[in-house]
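Read through the structure below, which is laid out as structure tokens, and then see the notes.
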Amino acid sequence: MNLDLHSHSIKSDDGRAKVENYCEWIRKKELPLDGFVLTEHRQFDDESDYRNLEDEYGILILKASEVETDYGHVLIFGVNTDMRHAYDFGAINLSLDHVIEASERCGGMAVPCHPGRPNVGLAAHYHERGPVNSVTIIETRNGGSRAGEDEASIHLAEAYGYRGVGGSDAHLVSQIGKCATRFDTPIRNEADLVAALKNGDFEAVSCQT
Amino acid sequence: MSDVTIDKKLIGEEFDVIDIVVKQDEALTFARACGETHPRFTDPSHENFQIPPTMVAKFVGRKIMPEGLKGFFVGTFDAGKVVDIFAPIRPGDKLRASSKIADIYEKTGRSGPMTFVVHRMEFTNQNGVKVACVDWRMVRRTPLKAE
Amino acid sequence: MSLRFQDIELGDELPEHRPDIRLEIVREFAGAARMDAAARFTDHDKAREEGLPGAIVPGIMSQGILAAMVHGWSGDGIIERIDTVFRAMVVADTEPICRGVVTDVDPGTRTIVVDLTMQNEAHETTVLGTATVRFSV
């Protein structure tokens, strides 16, 4: 199944898309997506309940976060209460090493995103300060990448033996599904997603036209 | 780090009020330069002649920032504008605009750590009708010290 | 010819728009917007002295260009909200492409939402946003 692992709704400061409109767009455009993950900036959206939309549109909608670390932005999957006590999701200079360690200890998974992007991507920081040993997965396909940025991410993954995921980084409705991650196993919830990421049965796919 | 300190208590406090008279020649030039072709924006004889909706974003007050944020504006970039239009604004209208800081937040982007200040300007016309609201997101690349 | 609400569908694309951002037009805009005191909007050489790639198009002109594209397509449609994010500089005397696509259609309020983008010649998105447009018929 294909999941877009990186998207933002109006809950993010720079998101301009309503979740229902993502669903309508996926159906109207017949996108090859079985679901998407909302990764709101610097927060976890505890309030929203998208189960009715899931039922209406037959699309899986999962919730996650995008936090900001000293090595760039990081997607956090499997967010739970323990994790939210372990570090401040609203901070902009978290320690990547700590975020990865705490996320995994609390049952989740941390995945640096758009690694090829200046300042907010892993590659530039690796170049200056060396690698972080606890990284195992990075986002190698990002729908918001400029020319050369995904290539830099793929090169980084090859150099360090990381697995790669894909996500659109959609902030507008029409951007959803530009990139995704293909999983070999069915995913029904956040726990399944974390398990699949840990098992490594996935690949990043680009659906850019 | 910058030497400018941000006091987030400034959020919500009105710090400027100005009166503006909307000028027809400026509206026509604004419309032409943006490529507007509909006669309601380009033809003063049109029955519904009005200024282009985004023109309201050009108005600035006497103060761009409250006293407590005076140093912030130097070195800022325009990160975006949200324009809400509630009723047409026509040349000759006399507008009263009030300014406040709607939000202050920090994040990191392609160019590094950034602080955003959202300046909100609300416009009321000569009949007391609220006609527009503009949120202006100003960004400065160096993070400021939050209190 | 004005569009009618009933003729609009989710996914409809606006005609691609190539705005005229020659420096003389940007100067004209800067004058009307009372921004012409800032040389970065009116003079390539002075803008380069400030470290910019050339004279830049004011963000509110890019926003106005996108609004004009929506008006040019919708006719009598009324923009109730336009929300633009200025992601990168737009340089005068270049040839950007503006696009729009309908991403929400609400019969209850007779409004639509259009996703808006402006891309530079390197296909980088310099401005993005949305417009909410109301139709009376």
Side-chain angles (χ1 to χ4, degrees), chain A residues 6 8 10-17 39-43 65-76 87-96 99 112-125 127-129 139 142-150 152-153 169 171-172, chain B residues 1-12 53-54 56-57 65 69 72-73 75-86 100-121 132-147:
Chain A
H6 189 170
H8 301 273
I10 51 175
K11 291 276 180 180
S12 288
D13 63 286
D14 55 355
R16 299 293 181 268
T39 51
E40 311 296 3
H41 288 294
R42 303 178 303 284
Q43 61 177 303
S65 291
E66 181 175 354
V67 301
E68 302 184 8
T69 76
D70 52 351
Y71 276 76
H73 292 189
V74 181
L75 302 176
I76 308 295
Y87 54 91
D88 177 4
F89 278 47
I92 65 167
N93 197 24
L94 293 163
S95 154
L96 174 61
V99 164
C113 52
H114 41 68
R117 198 176 288 183
N119 280 302
V120 290
L122 205 61
H125 296 282
H127 187 67
E128 287 177 10
R129 297 150 60 197
E139 184 186 58
N142 178 286
S145 288
R146 293 183 182 170
E149 291 179 356
D150 276 0
S153 302
D169 203 357
H171 289 73
L172 300 179
Chain B
M1 294 290 274
S2 164
D3 56 354
V4 179
T5 299
I6 284 196
D7 182 354
K8 291 193 176 179
K9 287 193 234 101
L10 292 168
I11 295 171
T54 62
V56 73
M65 287 286 165
L69 271 176
F72 179 83
F73 188 66
T76 58
F77 290 82
D78 190 351
K81 294 274 194 331
V82 185
V83 176
D84 285 300
I85 295 291
F86 309 116
K100 66 181 178 186
I101 299 300
D103 201 5
I104 299 169
Y105 58 96
E106 294 175 334
K107 63 192 283 188
T108 52
R110 286 178 191 271
S111 52
M114 303 179 289
T115 299
F116 287 73
V117 171
V118 182
H119 172 294
R120 178 166 296 163
M121 210 165 176
C133 178
V134 177
D135 273 3
W136 174 13
R137 288 186 297 279
M138 284 174 276
V139 61
R140 190 169 151 148
R141 286 200 171 125
T142 309
L144 308 181
K145 197 173 118 196
E147 283 193 334

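- Looking at His114(A), neither its backbone nor its side chain comes within 4.5 Å of chain B, counting heavy atoms on both sides.
- Nearest heavy atoms, Asp14(A) versus Lys107(B): OD2-NZ, 3.3 Å.
- No part of Phe116(B) comes within reach of chain A, as not one of its non-hydrogen atoms sits under 4.5 angstrom from that chain.
- Note: Arg42(A) CZ to Thr108(B) OG1 = 7.5 Å, rounded to the nearest 0.5 Å.
- A salt bridge is defined here as a Lys NZ or Arg NE, NH1 or NH2 lying under 4.0 Å from an Asp or Glu carboxylate O, and Arg137(B) with Asp13(A) fails to meet this definition.
- For a residue to count as touching a neighbouring chain, one of its non-hydrogen atoms must lie under 4.5 Å from one of that chain's; by this rule Arg146(A) touches chain B with backbone and side chain alike.
- Rounded to the nearest 0.5 angstrom, Arg110(B) CZ and Glu149(A) CD are separated by 4.0 Å.
- Under the side-chain contact (heavy atoms from CB on, under 4.5 Å) criterion, Ile11(B) pairs with Lys8(B), Ile101(B), Asp103(B), Ile104(B), sequence neighbours left out.
- Ala57(B) meets the side-chain contact (heavy atoms from CB on, under 4.5 Å) test with Lys81(B), Val83(B), Val134(B), Ile60(C), Gln63(C); sequence neighbours excluded.
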